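Accompanying notes for the structure given below.
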2 protein chains.
Amino acid sequence: MGWEDIRAAVLDRIRAREWPPGALIPGEEQIAADYGVARATVNRAMQALADEGFVERKKRAGTRVAALPTRRARLDIPVLRREVEATGAVYAFRLLARHEAPIPDEAAMRMGLPGGTPGLYLETLHLADGRPQVFETRWLNPAALPPLPDFATVTANEWLVAEVPFVSGDLVFSAGPAGAAAQALAIAPDTPVFVTERVTVGTAGPITLVRQSHVPGYRVVMQL
Amino acid sequence: MGWEDIRAAVLDRIRAREWPPGALIPGEEQIAADYGVARATVNRAMQALADEGFVERKKRAGTRVAALPTRRARLDIPVLRREVEATGAVYAFRLLARHEAPIPDEAAMRMGLPGGTPGLYLETLHLADGRPQVFETRWLNPAALPPLPDFATVTANEWLVAEVPFVSGDLVFSAGPAGAAAQALAIAPDTPVFVTERVTVGTAGPITLVRQSHVPGYRVVMQL
DNA sequence: AAGTGGTCTAGACCACTAC
DNA sequence: TAGTGGTCTAGACCACTTA
């Protein structure tokens with residue numbers, strides 16, 4: 001009887017509606033006695049079920065079956081190169097633009113920086129077997145970074161992942177017209193594209209804001 | 001010294017490059033001795049770091065700092081009603097179509113069912129303060145479900161969440177033209193929209209395939 | 001073959017919170 | 001204020017995997 005067995009047993013009893021949504025589940029001590037294991041084992045099982053959103057736990061109030069089980073999905077975000085190579089294609093990229101300039105207000109605000117902060121702007125096209133896949137625009141905050149390479153032979157993403165400790169960030173998915181990305185992706189400007197936007201924060205402050213427009217047909221797949 | 005302290009301490013030493021990417025971290029016993037805690041406490045901390053993708057653990061081989069830290073994001077998928085109500089708007093829905101028919105081959109294949117399986121088709125429009133938000137098409141597999149209600153007063157989603165045990169599923173994000181969803185959303189057919197597609201599997205087999213087209217401006221936000 | 005992480009146990013103390 | 005989950009400990013055994 002490992003904790004996974006306890007987890008499975010409890011989940012079965014939830015699925016069987018023995019404990020319907022909203023119901024109170026017996027205490028850890030009780031379950032431990034029922035199955036002949038230590039309370040710590042039950043605790044671990046219940047912790048897993050809580051992580052997965054099946055139950056809600058509160059001290060003193062006990063453990064309840066989630067009324068509206070929030071479904072949680074986990075997304076692994078690989079480095080772009082790996083994503084391309086996973087399909088068997090050859091990855092390549094082209095640096096289309098690079099210049100230093102004050103970070104525009106909108107971008108600075110997204111990064112949590114004062115307007116006009118000096119920044120480095122990059123435009124990169126990512127290719128799979130020579131075909132455009134992703135058009136990327138990026139602002140970097142040099143003040144929060146070690147000396148920057150010229151990004152001709154390494155993508156900003158891979159350099160950052162390898163060199164700069166990451167503290168937090170957010171990720172936004174949306175859809176919109178290709179617009180400025182149209183030319184690089186060789187599609188019409190009003191073609192719908194999938195857009196990801198990411199802000200990354202390091203120990204010394206905001207690091208980068210990156211916006212990627214994906215070629216039509218791109219999909220993000222998550223397991224529930 | 002709780003396990004979160006140990007986690008934080010180890011993470012700091014990783015960030016400080018004391019253990020660079022790929023490096024081997026001291027064993028649990030060692031760390032436990034260093035910080036004066038029990039090995040179980042260290043284990044819990046390391047388990048958390050592994051869950052978060054900061055380290056990779058292998059028996060016998062020890063624990064290593066992740067070389068290319070795959071960034072993991074967790075997405076909580078709330079019931080649509082809650083998503084709307086969280087913005088302070090009033091949620092409502094309209095059932096636009098409902099009929100029984102064999103599930104089309106493409107949809108059946110996505111669900112992992114043989115073509116021509118009998119199904120129930122629903123078209124629903126979700127509204128926030130009376131404004132169209134989401135246009136939803138759905139196939140249900142009655143063979144894997146208890147007797148179905150008429151879905152005039154409950155959405156399929158909420159009924160399923162409350163009544164049918166959920167085993168697994170997947171979730172796909174993409175972008176595309178509004179197309180068939182255009183009329184219901186009151187937008188032009190070539191307007192880019194954000195599309196989510198979800199297959200849900202229950203104990204008795206595939207339950208439902210649902211496709212939701214979101215009104216322009218919709219964004220999915222995840223924390224890293 | 002040996003060392004590592006994975007897990008279990010029995011007991012204990014504590015923080016939180018519903019009552 | 002009493003009961004619940006959250007956590008820690010010290011010790012133990014085991015499975016896995018690499019050397």
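As a basis for the values below, the full set of heavy atoms in this structure was taken, side chains included, without hydrogen atoms, waters or symmetry mates. For clarity, every value in this text was computed on a predicted model and none was experimentally measured. Throughout, protein chains are lettered first and strands after them, A, B, ... in sequence-line order, and every chain is numbered starting at 1.
Residues satisfying the ring pair (Phe, Tyr, Trp, His ring centres under 6.0 Å) criterion with Trp3(A), sequence neighbours excluded, are absent altogether. Listed by chain and residue number, Thr117(A) satisfy the side chain to side chain contact (heavy atoms under 4.5 Å, CB included) test with Pro114(A) (two or more places apart in sequence, or in another chain). When the ring pair (Phe, Tyr, Trp, His ring centres under 6.0 Å) test is applied to Trp19(B), no partner is found at least two apart in sequence or on another chain. Judged as a side chain to side chain contact (heavy atoms under 4.5 Å, CB included), and not counting sequence neighbours, the contacts of Ala50(A) are Val55(A), Arg57(A). In terms of the side chain to side chain contact (heavy atoms under 4.5 Å, CB included) criterion, residue partners of Glu85(B) (sequence neighbours excluded) are, by chain and number, Arg81(B), Tyr91(B). With sequence neighbours excluded, the residues satisfying side chain to side chain donor-acceptor pair (under 3.5 Å) with Gln47(B) are Arg44(A). Applying the side chain to side chain contact (heavy atoms under 4.5 Å, CB included) test to Arg211(A) and every residue at least two apart in sequence or in another chain returns Thr137(A), Val195(A), Glu197(A).
Between Trp3(A) and Thr63(B), the residue anchored closer to the 5' end of DNA chain C is Thr63(B), taking for each the nucleotide with the nearest heavy atom.
Applying the ring-ring contact (aromatic ring centres under 6.0 Å, His included) test to every pair with at least one member in residues 22-41 of chain B, sequence neighbours left out, gives no pairs at all. Among residue pairs with one or both ends in residues 205-224 of chain A, those qualifying as ring-ring contact (aromatic ring centres under 6.0 Å, His included) are Phe194(A)-Tyr218(A), His214(A)-Tyr218(A); sequence neighbours excluded.
Put simply, chain A comes within 4.0 Å of DNA chain C, heavy atom to any atom, from dT7(C) to dC19(C), going 5' to 3'.
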Below 3.5 Å between N/O atoms, which protein atoms pair up with nucleotides 17-19 of chain D? Just atom names and distances, please.
| residue | atom | partner | partner atom | Å |
| --- | --- | --- | --- | --- |
| dT18(D) | O2 | Arg60(B) | NE | 3.3 |

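Remark: the backbone N or O of Gly115(B) is not paired with any side-chain donor or acceptor of Asp105(B) at under 3.5 angstrom.
Applying a 4.0 Å cut-off to non-hydrogen atoms, the residues of residues 38-49 of chain B that approach DNA chain D are Ala38(B), Arg39(B), Ala40(B), Thr41(B), Arg44(B), listed by residue number.
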